[in-house]
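Below, chain A is the first sequence line, B the second, and so on; all start at residue 1. Because only heavy atoms are used, hydrogens play no part in the values below, and waters and symmetry mates are left out as well, while side chains stay in.
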Amino acid sequence: MPGFAANKVENILDEGIEKGGAKLDNKQIEDVIKSVLDTETGERLKIYVDTCVHCGLCSDACHHFLSMGRDPKYSPAGKVKRTLGEIFRKKGKVSPEFIKSASIIASTECNVCRRCSMYCPFGIDVAYMMKVVRRICHKLGVTALYIQDTAHSHSVTMNQMWVKEDEWVDTLQWQEEEAQAEFPKLRIPLEKEGAEIMYSVIAPEPKFQAQLIYQAAIIMNTAGIDWTMPATPGWDNSDMAMYTGDFEIMGRLKRSHFDTAARLKVKKIVMGECGHAFRSVYDVGNRWLGWKRPPVPIIHALEFYYDLLKAGKIKIREKYKKSVTLHDPCNVIRGGGLADKSRYVVNALCDNFIEMHPNREHNYCCNAGGGVINCGPPFKNKRMVSNKVKADQLIATGAEVLLSPCHNCYSGLEDIIGHYKINMEIKFISDIIYEVMEKPA
Amino acid sequence: MCGISCWDWNIGKRLVADISSWEDKFNWIEELHASPDGERIAAIVNIDEAEFSVCVNGETWENIFDKIWFLRFSPDGRLTAIVSEDGEWTLAVDGIPWENRFDYVWNTLFNKSGTDIAVAIQQDAKYSMALNGVPWENSFDNMTSMTLSHDGTKTAASVQVLPHKEGEIFKFQEGIYTAAAGGIAWDKNFINVWNMSFSPDSNKLAAEVRSSLYDYTIAVNGKPWDQIFGCVWEPLFDPSGTSVTAPVKIGEKWTLAEDGKVLWDSKFVQLWRHKYSYDGTKIAAVVAPRFGKWTIAVNDKPWGITFEDFVCDPVFSPNNKKIAAIAKNSDKWVVAVDGKEWENNFDMVWDPVFSPDSEHLAVKVEKNGKYTIAIDDKLWGNECDAVWEPIFNQAGDSILIKTIENNKYYRYIIPVNEIV
Ligand code: SF4
Ligand code: SF4
């Protein structure tokens, strides 16, 4: 049913894209495209474009395609055709209007989730191609306003939500004080050089969800972990610059994160329940700087909880009773291989775990990831409509509670639950641990 | 002030404090900090709900505060901490708070000799710095990248000079940030201003700047270099203060530039953390000659060995002849001197310390959860629960080692030849 729901998802005006596009001229566009394609992409991109036989095998992998009435323009290959395909066909001689539309396609119609490349017989990485489009749009200054603002925040504060340096430390001290009401000797050790672990989070935690820092502190203290948090920039592991194509700021963020860990002389970094940040620290950002692997080992919260439960450092008082299902975030499951460990954790905590289908690395994307939710309110409705398949998948589980070990997924799924009026609560894994763990008397 | 020559350098081991005897006195004891001369050991201690003090060699400060954090000895041996009373914050030096109080205080900075102390302050949602308790006359809507000059006379930071609300991306891109030295903002704005450093005489300030979303360069006293680069890292003045060097990205590779012009012929996958020898004749930098391979380059020539993960700041010997750096391969840290790796490896290594005569190199190391000192690749036989970074005497024949063993704090002076 091509054209399905078109009225809800097309002709969206975004100030960043409109104003950015209005400044462009054709020559500038051609020069930027040439420079990105000639100096930054190499053979890989050309091979992908040349190899795609438009067989459509990837189409059913994409939640946008499935949710938008199987309109081929939302298929992975369709999105490549509408962006890079045109750029190659016209040898870079494309118009400002084209760049505006390419920016919207690459940034709001693809979550760079990489599900489709599992189904392509040639392993073509459409996500990579969409990131090249985003890079071109970034270099032309045509990026959606909200995520561009986030990239600006990153550039100034090294965190994604304009959290000022004093606000960060103050929040940690406030959470420490709050937690001391429950456990009088609890500490959130700041700047403890030589601790085993540096715990890093993303900026929404100090900004809106400080209880997650509180919960992490309780978990760390209960498990007897030698940990610290930095009192300087470098505490935020998140990275929307990776998704706007501002790789220079991405590199600066990752350097700040790893340099902070090295300055604190920790053995590893444990990061909170975030997916995209994992991709940034574990794969994309570190490599841009020249590090083949993270120079300080990074442990995702899921793996950390697994280690704690397995080693008996956290004991379960009574398992969680409500039925739960688990959303597998693309970046930590398909990208990070933590499917088994996350199931161990959920089964250790919960009595009644219902798998959603498909699951593990085949799970459907939340449609928030890849920076799509960060493109903000103008695209929210589109984000809802173009992930109906996720709503159907959630409803089919019949579970009372949805677990989402990723901030972006959490926010996106919360929106989907609201939009489709699904009778389901959403929680982080740490919410459940905090609720069911044995705490020191 | 006569510095380290006045310290007690008599060979021997001395028990300074029995930390276990503190335990009954307080609800909890936070991280321990040893004074540079090793004569004092201190920690923030909790006395009661919202009652904190600092315990030094078993004696608590007379003053009690609602909250204390960031306890640090200055290089000249004064004990500083950020303290709060009645919702106001300031810095306490040896227990005495500065007269000026602020809404928040953080990021204590010392100059090399420790004569001067700076902090970042927030008052009424405006940001500035205070040097030895005296705040800047101007304050700003936001502030980052705080720094203190080598001689301790000037502070600087990246500051926001025009109002900006979240979401105003085009206003931001016109440039609302600049650098302020001593609170005086440059008269040119940039999109971003980051890591900065002062000239040796503190009269000039160089900073990384981004002049459009894509154009990076270095600005000195507000004047950007004529050349634009794909990215830059932290600039440095040469020891004479005449020129500025910085790592710059050209195309997909990094090199070193001086006053805007390319200085090194080699191009690297990465180049950062460059340092001058004391006499200014050499520059060493951390470089990645290939993807995933890291080493030190000296005057454009990389060492023959490479490391997989981290290489930290190069450290010059006082005679400018040797360069040491610590590096990480997988989960092991190593020490390398002039392109040769020590045979010992460690779970963690702290910054290398050369003896004043440049003959010896000492590091604090951790292995299997215990800490000790290594000199010239030889380990001190004593495995401790904690040690601090060692300090050589002026002659370079003795070394001061501070340790915690079984909850007791000891100060050792050991002849270097007892270890090497
Ligand atoms: S959203 Fe995921 S499945 Fe769809 S095109 Fe993008 S990477 Fe492929
Ligand atoms: S499956 Fe691969 S070859 Fe087929 S259309 Fe998709 S990207 Fe092209």
Side-chain angles (χ1 to χ4, degrees), chain A residues 15-16 19-20 39-40 138-139 141 143 145-146 148-149 151-153 155-158 161-162 164-170 173 177 180 184-185 187 189-195 231-233 246-249 251-252 255 258 262 265-268 287 289-297 376, chain B residues 27-28 30-31 46 49-50 67 69-70 103-107 120-122 127 142-146 158 160 166-170 172-173 177 191-192 194 210 212-214 216 230-231 233 249 251-252 268-270 272 288 290-294 308-310 312 328 331 347-348 350 366 371 386:
Chain A
E15 197 186 324
K19 282 197 184 161
T39 62
E40 299 187 23
H138 159 70
K139 292 216 113 183
T143 302
L145 183 137
Y146 276 80
Q148 185 61 44
D149 186 58
H152 290 165
S153 167
S155 76
V156 171
T157 63
M158 301 291 127
M161 289 207 154
W162 297 104
K164 291 178 176 158
E165 294 190 13
D166 58 319
E167 293 170 346
W168 162 246
V169 187
D170 196 29
Q173 290 173 336
E177 224 177 280
Q180 281 168 358
K185 292 188 179 180
R187 286 187 58 214
L190 296 182
E191 292 288 315
K192 181 181 174 189
E193 190 187 281
T232 60
D246 191 346
F247 300 147
E248 291 75 15
I249 294 298
R252 188 167 288 273
R255 183 181 173 194
F258 287 121
K265 298 284 178 193
V266 297
K267 305 283 184 339
K268 52 193 169 195
R287 286 173 200 272
L289 290 166
W291 281 309
K292 201 179 276 177
R293 57 185 173 220
V296 178
Chain B
N27 281 335
W28 72 79
E30 303 194 354
E31 289 74 52
N46 176 269
E49 198 185 324
K67 175 75 186 162
W69 73 287
F70 208 74
D103 284 352
Y104 205 74
V105 170
W106 76 105
N107 205 29
I121 57 178
Q122 181 262 106
Y127 293 82
N142 198 4
M143 181 179 75
T144 61
S145 300
M146 287 68 78
S158 169
Q160 182 188 330
E166 288 180 25
E168 292 179 331
I169 61 171
F170 295 103
F172 178 83
Q173 288 169 22
Y177 276 83
I191 307 234
N192 295 103
W194 296 291
R210 182 163 73 146
S212 82
L213 285 187
Y214 331 98
Y216 290 73
C231 201
W233 298 127
K249 188 163 186 249
E252 293 302 287
F268 300 98
V269 169
Q270 190 53 268
W272 55 31
R290 297 186 302 286
F291 177 69
K293 300 285 174 197
W294 296 82
E308 303 287 317
D309 298 310
F310 239 108
C312 295
K328 180 169 164 276
D331 58 350
D347 298 337
M348 187 56 72
W350 273 251
E366 180 189 354
Y371 298 82

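Interatomic distance, CD of B:E168 versus CG of A:L145, reported as 10.0 Å (0.5 Å rounding). Atoms NZ and CG, from A:K185 and B:N46 in turn, are 8.5 Å apart once rounded to the nearest 0.5 Å. Atoms CD and CZ, on A:E191 and B:F70 in that order, are 5.5 Å from each other to the nearest 0.5 Å. Atom NZ of A:K19 sits about 8.0 Å away from atom CD1 of B:I169, to the nearest 0.5 Å. Atom CD in B:E30 sits 3.5 Å away from atom CZ in A:R187 (nearest 0.5 Å).
Ranking B:M348, B:Q173, B:Q270 against chain A, the residue ahead of the rest is B:M348, based on heavy-atom pairs under 4.5 Å. Per-residue heavy-atom pair counts under 4.5 Å with chain B were compared for A:E193, A:E40, A:Q180, and the maximum is reached by A:E193. Between chain A and the residues B:G251, B:G167, B:C231, the largest count of heavy-atom pairs under 4.5 Å involves B:G167. Of the listed residues (A:D246, A:L289, A:L190), the greatest number of heavy-atom pairs within a distance under 4.5 Å of chain B belongs to A:L289. Ranked by heavy-atom pairs under 4.5 Å with chain A, the list B:M143, B:K249, B:Q160 is led by B:K249. For the set B:V269, B:T144, B:D347, the count of heavy-atom pairs under 4.5 angstrom toward chain A peaks at B:T144. Between chain B and the options A:K292, A:E15, A:R255, the largest number of non-hydrogen pairs under 4.5 Å is found for A:R255. Your options are A:T39, A:D166, A:I249, A:D149, and the one with the most heavy-atom pairs under 4.5 Å with chain B is A:D166.
In terms of heavy-atom proximity, B:K328 sits nearest to A:P295 at NZ-O, 2.5 Å. B:G230 and A:E248 get closest at one heavy-atom pair: O-CG, 3.3 Å. Residues B:W350 and A:G194 approach most closely at CZ2-CA, 4.1 Å, considering heavy atoms. Residues B:Y216 and A:R252 come closest through the heavy atom pair CE2-NH2, 4.3 Å.
By the 4.5 Å heavy-atom criterion applied to side chains, B:E366 and A:K265 are not counted as neighbours. Taking 4.5 Å as the limit, some side-chain heavy atom of B:F291 sits within range of a side-chain heavy atom of A:R287. With contacts defined as side-chain heavy-atom distances shorter than 4.5 Å, the pair B:Y127/A:E165 does not qualify. Using a 4.5 Å heavy-atom cutoff, the side chains of B:Y104 and A:K164 are not in contact.
Counted within 6.0 Å of NZ on A:K267, heavy atoms from surrounding residues, nucleotides or ligands total more than 12; the atom is thus considered enclosed. The 12-atom threshold is not exceeded at CD of A:E177, counting heavy atoms of other residues, nucleotides or ligands nearer than 6.0 Å. Counting non-hydrogen atoms of other residues, nucleotides and ligands closer than 6.0 Å to CD of B:E49 gives a total of 12 or fewer.
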(request) Evaluate the criterion side chain to side chain contact (heavy atoms under 4.5 Å, CB included) for residue pair B:L213 and A:Q148; output intermediate values, then yes/no. (result) CA-CA 11 Å; B:L213 285 187; A:Q148 185 61 44; 3.7 Å; yes
(request) Run the numbers on A:V296 and B:F310 for side chain to side chain contact (heavy atoms under 4.5 Å, CB included), then give the verdict. (result) CA-CA 8 Å; A:V296 178; B:F310 239 108; 3.8 Å; yes
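If you measure heavy-atom distances from B:Y371 to chain A, the contacts under 4.5 Å come from the side chain alone. In this structure, the portion of A:M158 lying under 4.5 Å from any heavy atom of chain B is its side chain and not its backbone. Residue contact with chain A, scored on non-hydrogen atoms closer than 4.5 Å, is absent for B:S212. Neither the backbone nor the side chain of A:P233 has a heavy atom closer than 4.5 Å to any heavy atom of chain B.
By the side chain to side chain contact (heavy atoms under 4.5 Å, CB included) test, B:N192 is found to be paired with A:S155, A:V156, B:F172, B:W194, B:R210, residues two or more places apart in sequence or in another chain being considered. Scored by the side chain to side chain contact (heavy atoms under 4.5 Å, CB included) test, B:K293 finds B:R290, B:T306, B:E308 as partners (sequence neighbours excluded).
For B:E166 and A:H152, the side-chain atoms include no donor-acceptor pair closer than 3.5 Å.
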